[in-house]
Number of protein chains: 4
Amino acid sequence: MRRKDDNKQQNIKQAVIKVILAEGFHGASISKIAKEAGVSPATVYVYYESKEAMLQDIYQEYHEQVYTYLSGQVRKDMSGAQFIESLVRGYYSYIIECGEAFYFVEQFSSCPALLGGCPGIEARSKISLLLDELKMRRIIKDVDNASITAILFTPVKSIALQYHKRGTVEAPILNDLIQMIQDALLR
Amino acid sequence: MRRKDDNKQQNIKQAVIKVILAEGFHGASISKIAKEAGVSPATVYVYYESKEAMLQDIYQEYHEQVYTYLSGQVRKDMSGAQFIESLVRGYYSYIIECGEAFYFVEQFSSCPALLGGCPGIEARSKISLLLDELKMRRIIKDVDNASITAILFTPVKSIALQYHKRGTVEAPILNDLIQMIQDALLR
Amino acid sequence: MRRKDDNKQQNIKQAVIKVILAEGFHGASISKIAKEAGVSPATVYVYYESKEAMLQDIYQEYHEQVYTYLSGQVRKDMSGAQFIESLVRGYYSYIIECGEAFYFVEQFSSCPALLGGCPGIEARSKISLLLDELKMRRIIKDVDNASITAILFTPVKSIALQYHKRGTVEAPILNDLIQMIQDALLR
Amino acid sequence: MRRKDDNKQQNIKQAVIKVILAEGFHGASISKIAKEAGVSPATVYVYYESKEAMLQDIYQEYHEQVYTYLSGQVRKDMSGAQFIESLVRGYYSYIIECGEAFYFVEQFSSCPALLGGCPGIEARSKISLLLDELKMRRIIKDVDNASITAILFTPVKSIALQYHKRGTVEAPILNDLIQMIQDALLR
DNA sequence: CATGAATGAGCGTTCATTCAT
DNA sequence: TATGAATGAACGCTCATTCAT
């Protein structure tokens with residue numbers, strides 16, 4: 001018998017991300033995805049139980065990726081300012097470099113019907129642990145992690161998406177942002 | 001006095017927002033919207049050229065609403081700290097109170113295919129003018145408005161959405177957030 | 001606006017029966033039915049909520065028809081023997097003459113999944129009332145109506161279907177059958 | 001001793017009957033059947049040329065079974081009344097006890113497209129020979145065997161199916177039926 | 001203006017069957 | 001022999017939109 005081709009599943013995954021980037025979440029039909037992946041629509045169902053399950057599977061894969069990426073950007077011996085700068089620059093780089101995956105995750109997250117079916121993930125924990133330690137060491141303010149991550153990540157995401165659209169990267173803007181986030185979080 | 005026509009168009013607009021909240025962007029078909037609005041599907045096309053045009057029209061209407069709302073929350077004689085606090089609390093209130101419209105705008109914004117067709121809007125200008133003045137008066141930092149609004153609004157949006165899901169509102173969290181945003185923006 | 005065309009619904013109904021007769025219950029797809037009826041597949045859903053609902057509606061219409069037909073074949077002043085003969089000959093005629101409808105009802109009845117969704121019908125009652133009266137008048141045996149109708153109708157159905165296939169009608173066979181059913185039922 | 005091959009084919013046959021009982025003729029797809037039988041869908045095509053051929057083969061096997069079963073219920077020295085009673089009770093028992101196989105045969109028979117492809121079978125002959133002898137001995141009426149079997153079997157089938165649905169068994173009803181069939185057939 | 005009818009195009013999915021091992 | 005992978009064709013159904021009144 002034919003062996004399951006791992007390439008094929010990868011082709012499908014990449015096709016999903018590519019089609020969603022090109023046509024939006026709504027335009028990403030199974031038949032378009034299959035065509036992009038070079039397989040028959042029916043073949044998609046060899047690898048996934050349903051379209052929803054397929055999207056969720058891809059989401060699970062890429063959702064955690066950013067946290068893994070960010071964890072690699074910081075070290076324990078960093079100062080608070082360095083720590084924040086590294087995370088912010090790292091997040092910005094991730095969005096710019098892994099734009100397709102990032103875009104997919106954002107699109108997926110904006111659809112409550114899909115998110116709802118996903119098992120609750122706490123991938124943020126890697127970052128949370130770091131934040132907790134910084135709080136204990138009285139380096140950053142002792143406030144809820146939700147607020148900290150909100151300040152740390154959402155502004156840079158907003159900036160990255162704006163400038164990504166325009167195709168330009170603005171070093172001074174990012175520097176200003178880092179400075180402000182440091183002012184916000186450091187004691 | 002409004003004519004019947006306006007009534008129908010208003011019904012349709014409200015139906016769109018209601019259906020999208022209830023069923024998501026995917027589930028918002030013309031026939032469901034028409035049923036909700038109490039009109040025939042064909043009637044929608046009396047008022048709008050296409051579904052896309054309808055959504056864009058509604059987006060334009062509600063997209064600006066938040067800035068109008070926020071403009072009413074601040075006064076010229078406020079201190080920088082008060083100014084920031086008013087905007088943040090105002091934005092938070094808006095999200096909680098005008099959840100339907102806010103949700104629609106967010107969903108619409110997340111779909112580039114739709115956003116792309118929209119004429120570039122500069123509704124932010126009301127806020128931008130205020131920010132420019134504060135910068136001139138050396139009250140807030142002199143950085144790009146994009147960065148300032150990113151810091152001012154995206155974290156509170158993030159918090160509001162998180163806590164809205166859980167149904168609880170947390171005063172201390174919002175207070176902390178305001179403090180941090182003030183630290184970030186004030187000179 | 002266009003007015004609903006009763007002809008169109010009739011076309012669809014007849015197309016259902018025709019396609020099922022030609023291709024069997026399993027081959028009767030919406031697209032074949034629509035093509036036969038000269039409408040678009042989508043049009044079927046203007047008139048019916050689903051394929052299942054459509055089949056059930058047609059079933060309900062034709063299921064009762066035979067009992068109405070049979071009721072017209074008997075009169076109160078008939079003797080028991082005449083009564084039985086009329087019903088048996090009537091049923092036979094119905095099967096031969098209204099073969100398409102009869103075939104549809106039989107096919108539908110053989111599919112429990114469809115039958116199950118149908119509201120319990122007691123169209124048999126017209127016949128049941130007649131049988132009850134004959135039992136009271138001590139003309140036919142006083143046994144359960146289910147048994148009586150089983151003897152009255154199922155053998156002739158079996159014969160009719162056999163001979164319908166072969167295209168021949170056999171008067172003596174029907175006569176013998178009537179005689180036996182009379183022997184079975186009359187006191 | 002059976003070889004593995006026979007085992008697999010038997011598994012498939014039983015799976016077909018089981019799946020059809022559980023899910024109806026519609027729901028009996030090759031993949032479900034294969035799963036139920038514990039084999040691959042492709043394996044089905046090792047033993048059968050097509051799905052149709054598979055069903056026909058199973059039909060041929062079970063179609064005759066009832067006649068074999070009934071032949072064992074009667075003996076040459078029985079009276080006419082005993083003979084009829086034995087056949088009727090036997091047929092009833094068969095339907096109740098071998099419900100799965102009976103159900104399969106009924107479902108198959110109701111689909112002309114399948115039946116048409118089957119070679120004409122005369123499995124009835126065992127019973128026919130017995131009937132012929134009884135006719136010669138002037139015990140039962142001298143009418144066409146089609147009529148006799150119609151009277152003998154179709155009413156009890158109808159009753160059995162009705163009562164099987166309701167889960168109850170009714171001794172008096174069966175007794176009445178037997179009496180009536182005897183009155184119909186015996187001289 | 002307002003409508004319910006009508007539809008071509010497309011949806012996600014399953015099917016019986018064949019392929020390659 | 002036996003298989004899981006692979007598929008073209010078809011499924012029932014919904015869509016945004018247009019038609020005819």
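Values below: every heavy atom of this structure, side chains too, minus hydrogens, waters and symmetry copies. Numbered from 1 within each chain, the chains take letters A, B, ... in sequence-line order.
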Does A/A42 or B/V39 map to a spot on DNA chain E nearer the 5' end, using the closest nucleotide for each?
B/V39
Dot-bracket line, read 5' to 3' along DNA chain E, where crossing pairs take [ ] and | marks a partner on another strand, Watson-Crick or G-U under 3.5 Å:
.||||||||||||||||||||
Under 4.0 Å, heavy atoms only, any strand: does A/V44 hit a base, just the sugar-phosphate, or nothing?
nothing
Nearest whole Å is fine: how far is E/dA16 P from D/L114 CG?
12 Å
Does the side chain of B/S40 get closer than 4.0 angstrom to OP1 or OP2 of E/dG4 through an N or O atom?
yes
Is there a donor-acceptor contact under 3.5 Å from the side chain of B/S109 to the main chain of B/V105?
yes
Expected output: side-chain B/Q56 to main-chain B/L114 donor-acceptor under 3.5 Å:
yes
Shortest non-hydrogen contact from D/Q107 to C/P112?
NE2-CD, 4.1 Å
Drop me the distance from A/I58's CD1 to A/I12's CD1, to the nearest 0.5 angstrom.
9.0 Å
What are the two closest heavy atoms between C/A28 and C/I20, and how far apart are they?
CB-CG1, 3.5 Å
side-chain N/O B/Y47 vs E/dC1 OP1/OP2, d < 4.0 Å:
no
Looking at B/E61 and B/K13, is any side-chain nitrogen of the basic one under 4.0 Å from a carboxylate oxygen of the acidic one?
yes
Can you tell me how far apart CG (C/L115) and OH (C/Y59) are? Round to the nearest 0.5 Å.
5.0 Å
Give a yes/no on whether any side-chain N or O of D/T43 is located under 4.0 angstrom from OP1 or OP2 of F/dT3.
yes
Classify the ring geometry between C/F104 and C/F108 as parallel (under 30°), tilted (30 to 60°) or perpendicular (over 60°).
tilted
When you measure from every atom of DNA chain F, which of residues 7-36 of chain A have a heavy atom less than 4.0 Å away?
A/K8
Residue mapping more 5' on DNA chain F - nearest nucleotide basis, C/Y45 or B/Y45:
C/Y45
To the nearest Å, how far apart are C/L55 CG and F/dG12 P?
10 Å
Closest to the 5' end of DNA chain F, once A/G38 and B/E49 are matched to their nearest nucleotides, is A/G38
Salt-bridge contact B/K18-B/E100 (side-chain N to carboxylate O under 4.0 Å):
no
Rounded distance in Å - NZ (A/K51) to P (E/dT13):
8 Å
Work out which heavy atom in C/A113 is nearest to a heavy atom in C/E52; give both atom names and the distance.
O-OE2, 4.4 Å
To the nearest Å, give me how far apart OH (A/Y48) and C1' (F/dA6) are.
16 Å
Take C/T43 and C/Y48, measure what side chain to side chain contact (heavy atoms under 4.5 Å, CB included) needs, and give me the verdict at the end.
CA-CA 9 Å; C/T43 303; C/Y48 295 105; over 6 Å; no
For residues 103-112 of chain C, which residues have at least one heavy atom under 4.0 Å from DNA chain E?
none
